[in-house]
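Residue numbers run from 1 in the order of the sequence given. Since we're looking at a predicted model, the values are computed, not measured. Heavy atoms only: backbone and side chains are in, while hydrogens, waters and symmetry mates are out.
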Amino acid sequence: MTTTKPLILSTRPATGAAVHARRALVFDACHAGVVLRAVLFVELVLAVGSLFGASGPRAWLVHWSLLTAACLPATLAWLLAACAAKHGLQRLGDAWQYAAGVALGALAGLMACLLGRPMLDSPAQPPWLASAASGALLAALLVAALMLRARARAPAATAARLSELQARIRPHFLFNALNSAIALVREEPARAETLLEDLSDLFRYALLEQGESATLAEEIAVAQRYLEIEQVRFGSRMCVQWQLDDRAAGARLPPLLLQPLVENAVKHGVEPLAAGQARLRVRTQLRGRRVVLAIDNTVPPALAGDAPRTHGHGIAQANVRERLRLLHDLECTFSAGPGEDGLYHVRLSFPAS
């Protein structure tokens, strides 16, 4: 009997909004790392500017403090406006995005001048034009940095996608999957059909253009397809456990991130095990406003002492760490290593939304 499973992703060509969704956000100023760097940059400029006309360290510190009191709220307002309007600005071309950022910077400069007006020593005319020009210049530098950051994501994502595509279509994996299907054709044709459907879904997902991010639910679906194929090959030698928190399903991850981690777990934890049963467990959990993703796998006794150093893990883990950093910046954590329980543990923590 023929069974039909939903496709992981549609194969229709992306148009319109989907094309914009694949572009990395330029004004992605909501990350703590972006805010911290922007504030430090503005403070450094203010600190250097305060040196002009300062008669000594005390006068410099007072002048810097007054400028900070006026400019810091304006800087945070610029970041908040950029964050709130990031999806709208994404629909504009690069030149218009740049112009919008500079215009917001000029408004932030005027805001800083307004806030600093009560601190002036004399009732002189506030420097509105100079403040607007300074805000525009600082904003131009910040937008340039954000554009470089956005462009840095594209080659990293492309290289990672090609790397994972090559890993997924490794000849021995493809041949093993096909040989498993051939062995099942006569005795269990329905199961052979399911295996081929899983393999087809994996290739379809790999060959489609990926966006900047995917949901955790989509990544879980890809990993399940991969492990269902490997389960046919290893049978009772591999025990897979899924402990999934439905509340974490909507969290965003770089696409094709989870599959190489579970592939590592199979390659280094299941394949070398000559006897017994290897364990592989994937867990997701929502903790407050963060999601924890954990992959645990058995380490064969012969490799337990040097698995992290000489038996892989490093390339895929470095790839995962870098791509997480590009998407979530300082708001993500990644750790990996053997535990005292005889398992190899990989932990990822990232924002839930």
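The shortest side-chain heavy-atom distance between L258 and I220 falls under the 4.5 Å cut-off. Side-chain atoms of L293 and V282, non-hydrogen and from C-beta on, do get closer than 4.5 Å to each other. Residues L196 and L178 meet the side-chain proximity criterion, which asks for heavy atoms closer than 4.5 Å. Side-chain contact between R347 and T333 is absent, with no heavy atoms from C-beta onward closer than 4.5 Å. Taking the side chain as every heavy atom from C-beta outward, L253 and L324 approach each other to under 4.5 Å. When side chains are defined from C-beta on, L72 does not count as touching V42, because their heavy atoms never get closer than 4.5 Å.
Between P272 and K267, the shortest heavy-atom distance links the atoms CD-O, 3.3 Å. Closest non-hydrogen pair, L343 versus V299, comes out as C-CG2, 4.1 Å.
To the nearest 0.5 Å, the span separating CZ on R237 from OG1 on T298 amounts to 12.0 Å. Rounding to the nearest 0.5 Å gives a distance of 9.0 Å between OG of S180 and CZ of F234. In this structure, L257 CG and Q259 CD are separated by 10.5 Å, a value rounded to the nearest 0.5 Å.
Here the side chain of W60 pairs a donor or acceptor atom with the backbone of A47 at under 3.5 angstrom. The closest donor-acceptor contact from the side chain of R290 to the backbone of S349 lies under 3.5 Å. Proximity of a side-chain donor or acceptor of Q231 to a complementary backbone N or O of M238 within less than 3.5 Å is detected.
Within a 6.0 Å sphere centred on CH2 of W96, heavy atoms belonging to other residues, nucleotides or ligands number 12 at most. Applying the 6.0 Å contact sphere to CG of L129 captures no more than 12 heavy atoms from other residues, nucleotides or ligands.
Under a 4.5 Å side-chain heavy-atom cut-off, the cluster of Ile, Leu, Val, Met, Phe, Trp and Tyr residues that includes V185 has no other member.
A side chain to side chain contact (heavy atoms under 4.5 Å, CB included) with L348 is found for exactly one of V291, V292, I295, namely I295. For the pairing with D296, the side-chain hydrogen bond (donor to acceptor under 3.5 Å, both in side chains) check across Q241, R279, H345 returns one residue only, H345.
Partners of C83 under the disulfide bond (SG atoms under 2.5 Å apart) rule, at least two apart in sequence or in another chain, are C30.
Counting only N and O atoms by type, the side chains of Q277 and S236 include no donor and acceptor under 3.5 Å apart.
L36 and V39 fall into different hydrophobic clusters, where Ile, Leu, Val, Met, Phe, Trp and Tyr side chains are chained together by heavy-atom contacts under 4.5 Å. Linking ILVMFWY residues whenever their side-chain heavy atoms come closer than 4.5 Å, directly or via other members, places L46 and L51 in the same cluster. A continuous path of Ile, Leu, Val, Met, Phe, Trp and Tyr side chains, each step under 4.5 Å between heavy atoms, connects L92 with W78, placing both in one hydrophobic cluster.
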